[in-house]
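This report refers to the structure that appears directly beneath it.
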Amino acid sequence: MGEKVLMKGNEAVAEAAIRAGCRLYFAYPITPQSELIEYMAKMMPKVDGTFVQAESELAAINMVYGAAGCGKRVMTSSSSPGISLKQEGISYIAGANLPAVIVNVQRGGPGLGDIQPAQGDYFQATKGGGHGDYRVITLAPSSVQEFADMASLAFDLADKYRNPVYILSDGLLGQMMEPVEFKDAKTEKDFEELDKQHFAWCMHSNQDEPNHHHHEINSLEIDPKVLEKHVEKLGEKYNEIEKNEKRWEEYNINEENQMVCVSFGTASRVVKSAIDTLQEAGISVGLIRPITVWPYPSEAIQKALNDKVKKVMVFELNLGQMVEDVKIAVNGKLPVEFFGKVGGIVFTPEEVQEKIKENL
Amino acid sequence: MEVIATRPKSLTNVPFTYCPGCLHGVAHRLIAEAMDELDMRNNMMGVAPVGCSVFAYEFFDCDMAEAAHGRAPAVATGMKRARPDMHVFTYQGDGDLAAIGTAEIIHAANRGENISVFFINNAIYGMTGGQMAPTTLPGMKTTTSPYGRDENDIGYPIRMCELIDTLVSPYFIERVSLLSPQDINKAKRAVKKAMQYNKEDRGFTFIEFISTCPTNWGVDPLKARDWAKENMLPFFKVGNFRDKANAGGE
């Protein structure tokens, strides 16, 4: 660990990814993630890494597919409309069991929307996004520090499960400057270990005799019986991820809570401010902040519902996409209310306080 | 008994899935022979397309990736950038390369990626059942141009070698034919040259094969060959467009 530096989220996650061993990055420019691609353009040559500005997000994610097939740590990034274009490739990456990290610096949508922070890609990230049965591990940071820390976590999870991992941030986290402290960069020895872990399945040079099994990176199984087994195996992997990788933060959760709020990412920061102010006024409200939005930490919400809690409130920068997951967790035991802002507008702590008070 | 002809080492013993009279097998063999002769098999990675040759990853005996439709040059870019010590090729049909994958092929060529692209042009979509391709000739009937391709409505066929030849970066561009034994011998020389340049990381190499589709053209293989000679070769002229190894080739 080094000293703290003041950095934009977009730059911090790029620096952290390089330290985590990412030496291949392919992307296409889009606001509000441009500092990320620019940081990679500047820094990758200095670490003998590869930076390619692709002709499109489609091409970029397919470059990721090719590099991931070689067992290397590889990343791409974009913002909402560009992430939509990557969905084809993400489905193939998931189908072929490849590790890859995809950063989404979300902006307002749908369509071109605007370039302000939003959380409208929650469904896309957590419920599939592309075609077929697959899941993407989705990490939702709420500070520049956490955004940076998630780079190495995302690569570790991608490698562990051979699965794509999203870091689902937004325009505010990407553009905002905060102090950040970085982990030590990977050493030569670390890289050797990283290369070893994927050697059994990835593409590389072979010294085999003809007709010895070669390595195939593929999601095509034309025989339904074979595809059935393949997809069932993916399902088992997703079950394993649900069992092991749920992450969340509990904020002011205690026996006195009259309400439990659920909020992620940028939105959760505003909710925390509101909770602090209300606490000073003697109103006890707790917050569950999902850090993984898939797998979803339902149990954390269930556990927080003590006897005094009368209501659950969801705060998001969208039309209420996470409400469904919260309702599944609450399972009809309490009313679930929602307050959100869209169009790239972030609610204020005062607005959140008001909404909480209205619902007590 | 002396063995004088055998399967190239760079092809597996998996039986081809191609129709009788299809020339994919010939193109596969030429590429595999070049891989053998240049001793590239152990360090080769290939990318299969979507189309009739979708199972090419089972036929070439080296590590292979199956790409989404048209994306092979992008996938190959990722592979070559991840493993610059390895050699990379793509194998693509006309729908894959010249329609849905136009952006990927143009930009891989323009970056001068150190890969070889083998492009099979038979003027039709084979696997999906004979639809119009970007290289379907004017007047040619397909299941999606049942009255013949109307060039005033849907445009003329795209000549990919000529298009790529407008770019500065590519190292080697040649159109060859698979329509006669002599043509196949010439094609072999071009393929081997492209592979040699690939081995030496000289830059982007592109070979277009003029081929046939007896099944979807609805004719027997010999008639298909004759039709292609009469109709495809005048529009898609064979020959070398660029070889930067030759003086004045640029």
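Chain A is the first sequence line, chain B the second, and so forth, proteins listed ahead of strands; every chain is numbered from 1.
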Ranking A:R23, A:Q207, A:K72 by heavy-atom pairs under 4.5 Å to chain B gives rank one to A:Q207
Pair B:F60 + B:F89: ring centers closer than 6.0 Å: yes
Applying a strict 4.5 Å limit to non-hydrogen atoms, the region of A:V74 in contact with chain B is neither
Cut-off 4.5 Å, heavy atoms of chain B, and the answer for A:I61 is neither
Can a side-chain donor-acceptor contact be found between A:S78 and A:K86 if the only test is distance below 3.5 angstrom? no
Honestly, the part of B:M64 sitting under 4.5 Å from a heavy atom of chain A is both
Would you call the rings of B:F204 and B:F206 parallel, tilted or perpendicular, taking 30° and 60° as the class edges? parallel
If one checks every heavy atom of B:R111 against chain A at 4.5 Å, the contacting part turns out to be side chain
Can you classify the ring geometry of B:F59 versus B:H28 as parallel (below 30°), tilted (30 to 60°) or perpendicular (above 60°)?
tilted
Whatever's closer than 4.5 Å to a heavy atom in chain B on A:L220 counts as both
Of B:I106, B:D61, B:T12, the largest count of non-hydrogen pairs under 4.5 angstrom with chain A goes to B:D61
Check: Does a side chain donor of either A:Y25 or A:S77 reach within less than 3.5 Å of an acceptor in the other side chain?
Finding: yes
Residues B:R71 and B:I100: closest non-hydrogen pair is NH1-O, 3.2 Å
Of B:E104, B:M44, B:H87, B:E58, the largest count of non-hydrogen pairs under 4.5 angstrom with chain A goes to B:E104
Looking only at heavy atoms, the pair that brings B:A34 and B:M195 closest together is CB-CG, 3.9 Å
Applying a strict 4.5 Å limit to non-hydrogen atoms, the region of A:E88 in contact with chain B is side chain
If you tally heavy-atom pairs under 4.5 Å between each of B:T77, B:N13, B:N110, B:V14 and chain A, the highest tally belongs to B:N13
